[in-house]
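Okay, structure first, notes after.
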Amino acid sequence: MDLSQLRYFLAIVETQGFTKAAERLFVSQPSLSAGIKKLEQELGVVLFERGGRRATLTAAGNIFLEKARNIIYEYQSALQTLQDFQQYPTLRLGVVCTLRISVICSLVSAFRVENPHITIQLKDSYVNNLNKLLEDGEVDLILTVLNGEENPETSVKLFEQQLLLAVPEIHPFAQREEINISELEEQPYIERINCEFWRENPLIYKSAGVKTRAVYLANQEEWVIHLIQEGLGISFMPVWSNLSGIKYINISEVDICRQIGLKWKNEQNSELVSLFRDFAANQNYTF
């Protein structure tokens with residue numbers, strides 16, 4: 001069975017005759033009749049009552065009519081979907097959840113201003129899971145934290161951020177430029193559980209003999225920011241500018257920065273990935 005046979009069948013039903021169907025389809029009547037006969041042989045049933053000037057469906061033909069229409073509809077729907085995909089390609093971008101939403105939105109919206117025909121699907125997660133999503137082919141590239149050991153052929157650094165202690169502006173530390181790590185003893189602490197440094201930070205505090213008091217576990221940057229602004233605790237986090245109600249303080253014994261960049265796989269280095277990668281690498285990132 002092929003699509004031409006189905007179109008022959010539906011044209012005969014709609015025009016109620018072999019001759020008119022052949023004229024509509026711009027084929028000879030013998031070719032149309034041969035196509036229907038072959039279809040009947042494949043199905044093992046007779047579809048039309050022969051004789052007379054009109055083509056009448058048999059009982060089997062009536063049953064097959066709905067199936068034939070559904071097959072043609074599904075084919076046309078699939079064809080339209082693929083055509084739309086070519087016209088409006090989709091880029092699947094994984095983003096690390098310790099980035100601010102405003103940073104992601106600014107980058108994506110600026111890209112789509114220049115490329116309005118491209119759709120971007122966003123999926124946020126933590127670093128290890130993003131790497132897995134990329135490896136499994138569930139995203140095309142990831143905006144994530146780099147560890148400095150990435151292959152330069154499949155990664156690019158976009159910007160760097162220093163990590164400092166963020167405190168509410170009403171906190172006593174807010175009046176100082178720097179504190180000693182020992183002063184964090186028993187301070188109410190907001191732990192960024194999906195932070196790329198969450199395993200390292202407790203070790204830093206432990207080595208200094210400091211025990212913080214975790215009052216909240218947050219897995220999104222916006223949660224951490226708002227909790228600090230409400231005066232509920234302090235946290236070691238990337239520096240974001242123009243945050244009302246928050247003051248950043250140096251910890252004398254701690255000096256950490258993080259690098260944010262894009263990663264992709266060689267086999268996923270499509271024109272779409274290259275377009276977004278080159279655009280992102282040429283942006284001016286200010287926080």
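Nothing fancy with the numbering, it's 1 onward along the sequence.
Using a distance-only test at 3.5 Å, with no hydrogens or angles considered, a donor-acceptor pair links the side chain of Y189 to the main chain of F236. Between the side chain of S155 and the backbone N or O of L262 there is no donor-acceptor pair closer than 3.5 Å. A donor-acceptor pair under 3.5 Å is absent between the side-chain atoms of E114 and the main chain of F111, judged by distance alone. The backbone N or O of N131 lies less than 3.5 Å from no partner atom in the side chain of K263, so there is not a single donor-acceptor pair. Panel note: side chain Y285, backbone A280; a donor-acceptor pair is recorded below 3.5 Å. Judged by distance alone, with hydrogens and angles left aside, the side-chain atoms of Y248 form a donor-acceptor pair with the main-chain N or O of W240 at under 3.5 Å. Of the possible donor and acceptor atoms, one in the side chain of D140 sits under 3.5 Å from a partner among the backbone N and O of R92. Checked by atom type and distance alone, the side chain of E150 pairs as donor or acceptor with a backbone atom of G148 at under 3.5 Å. For the pair S106 (side chain) and V103 (backbone), a donor-acceptor distance under 3.5 Å is absent. Between the side chain of N115 and the backbone N or O of I118, no donor-acceptor pair lies under 3.5 Å.
A continuous path of Ile, Leu, Val, Met, Phe, Trp and Tyr side chains, each step under 4.5 Å between heavy atoms, connects L10 with I36, placing both in one hydrophobic cluster. Under a hydrophobic clustering in which Ile, Leu, Val, Met, Phe, Trp and Tyr are joined whenever their side-chain heavy atoms come within less than 4.5 Å, directly or via other members, Y8 and I63 fall into different clusters. Follow the hydrophobic side-chain contacts under 4.5 Å out from Y126 and you never reach L133; the two are in separate clusters. With hydrophobic clusters built from ILVMFWY side chains whose heavy atoms lie under 4.5 angstrom apart, I142 shares a cluster with V156. A continuous path of Ile, Leu, Val, Met, Phe, Trp and Tyr side chains, each step under 4.5 Å between heavy atoms, connects F64 with Y75, placing both in one hydrophobic cluster.
Distance check: I71 CD1 to L6 CG gives 5.5 Å after rounding to the nearest 0.5 Å. In this structure, the separation between CG on N129 and CD on E138 is 8.5 Å, given to the nearest 0.5 Å. Atom CG of L25 and atom OG of S31 lie 11.0 Å apart (nearest 0.5 Å). Considering CD1 of I234 and CD1 of I249, their distance stands at 10.0 Å, rounded to 0.5 Å. Here the CG atom belonging to L65 is positioned 4.0 Å from the CZ atom belonging to R69, to the nearest 0.5 angstrom. With rounding to the nearest 0.5 Å, the separation of CG in L99 from CG in L143 is 5.0 Å.
Using a 4.5 Å heavy-atom cutoff, the side chains of M237 and I190 are not in contact. Considering only heavy atoms from C-beta on, D255 comes within 4.5 Å of Q162 through its side chain. Under the 4.5 Å side-chain criterion, counting only non-hydrogen atoms from C-beta, I251 is in contact with E253. Side-chain contact between L275 and L91 is absent, with no heavy atoms from C-beta onward closer than 4.5 Å. At a threshold of 4.5 Å between non-hydrogen side-chain atoms, the residues L232 and I228 do not count as touching. By the 4.5 Å heavy-atom criterion applied to side chains, V45 and E40 are not counted as neighbours. Between V254 and I181, the closest side-chain pair of non-hydrogen atoms falls below 4.5 Å. Counting heavy atoms from C-beta outward, L122 and V108 have side chains that approach closer than 4.5 Å.
Salt-bridge formation is not detected for the pair E185/R213: no Lys NZ or Arg NE/NH1/NH2 atom is positioned less than 4.0 Å from an Asp or Glu carboxylate oxygen. Looking at E183 and R176, a side-chain N of the basic residue comes within less than 4.0 Å of a carboxylate O on the acidic one, giving a salt bridge. At a threshold of 4.0 Å, the pair E14-R24 counts as salt-bridged, since one of the basic side-chain nitrogens sits closer than that to a carboxylate oxygen.
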Practice item. Take N266 and T154 through the test side chain to side chain contact (heavy atoms under 4.5 Å, CB included) and record every step on the way to the result. Key: CA-CA 6 Å; N266 272 327; T154 55; 3.4 Å; yes
Practice item. Carefully, step by step, assess L163 and V239 under the rule side chain to side chain contact (heavy atoms under 4.5 Å, CB included). Key: CA-CA 6 Å; L163 277 77; V239 174; over 6 Å; no
Exercise for review: Verify side chain to side chain contact (heavy atoms under 4.5 Å, CB included) between E177 and K247, making sure each step is shown before the conclusion.
Suggested key: CA-CA 9 Å; E177 296 300 323; K247 175 74 181 296; 3.9 Å; yes
**Study point:** L146 and K157: CA distance, side-chain angles, deciding distance, side chain to side chain contact (heavy atoms under 4.5 Å, CB included) verdict
**Key:** CA-CA 8 Å; L146 305 179; K157 174 185 170 182; 4.2 Å; yes
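Residues P168 and A174 approach most closely at O-CB, 3.7 Å, considering heavy atoms. Counting all heavy atoms, side chain and backbone alike, I260 lies closest to V145 at CD1-CG2, 3.7 Å. Residues Q220 and C97 come closest through the heavy atom pair OE1-O, 3.6 Å. When all heavy atoms of L32 and A22 are compared, the pair lying nearest together is CD1-N, 3.7 Å. Residues L130 and K123 approach most closely at CD2-O, 4.1 Å, considering heavy atoms. What you find for L272 and T90 is that their closest heavy atoms are CD2-O, 3.4 Å.
N147 and Q259 are not linked by any side-chain donor-acceptor pair at a separation below 3.5 angstrom, with hydrogens and angles left out of the test. Q29 and T19 share a side-chain donor-acceptor pair at under 3.5 Å. Checked by atom type, the side-chain pair R54/Q16 shows a donor-acceptor distance below 3.5 Å. A donor-acceptor contact closer than 3.5 angstrom is absent between the side chains of N180 and S182. Residues T98 and R258 bring a donor and an acceptor atom of their side chains to less than 3.5 Å of each other.
For Q41, the CD atom is densely surrounded, since the number of other residues' heavy atoms within 6.0 Å is greater than 12. More than 12 non-hydrogen atoms from other residues, nucleotides or ligands lie less than 6.0 angstrom from CD of E186. Within a 6.0 Å radius of NZ in K37, other residues, nucleotides and ligands contribute 12 heavy atoms or fewer. Remark: N70 CG is packed, more than 12 non-hydrogen atoms of other residues, nucleotides or ligands lying under 6.0 Å away.
Under the 6.0 Å cut-off for aromatic ring centres, F9 and F48 qualify, their centroids lying closer than that.
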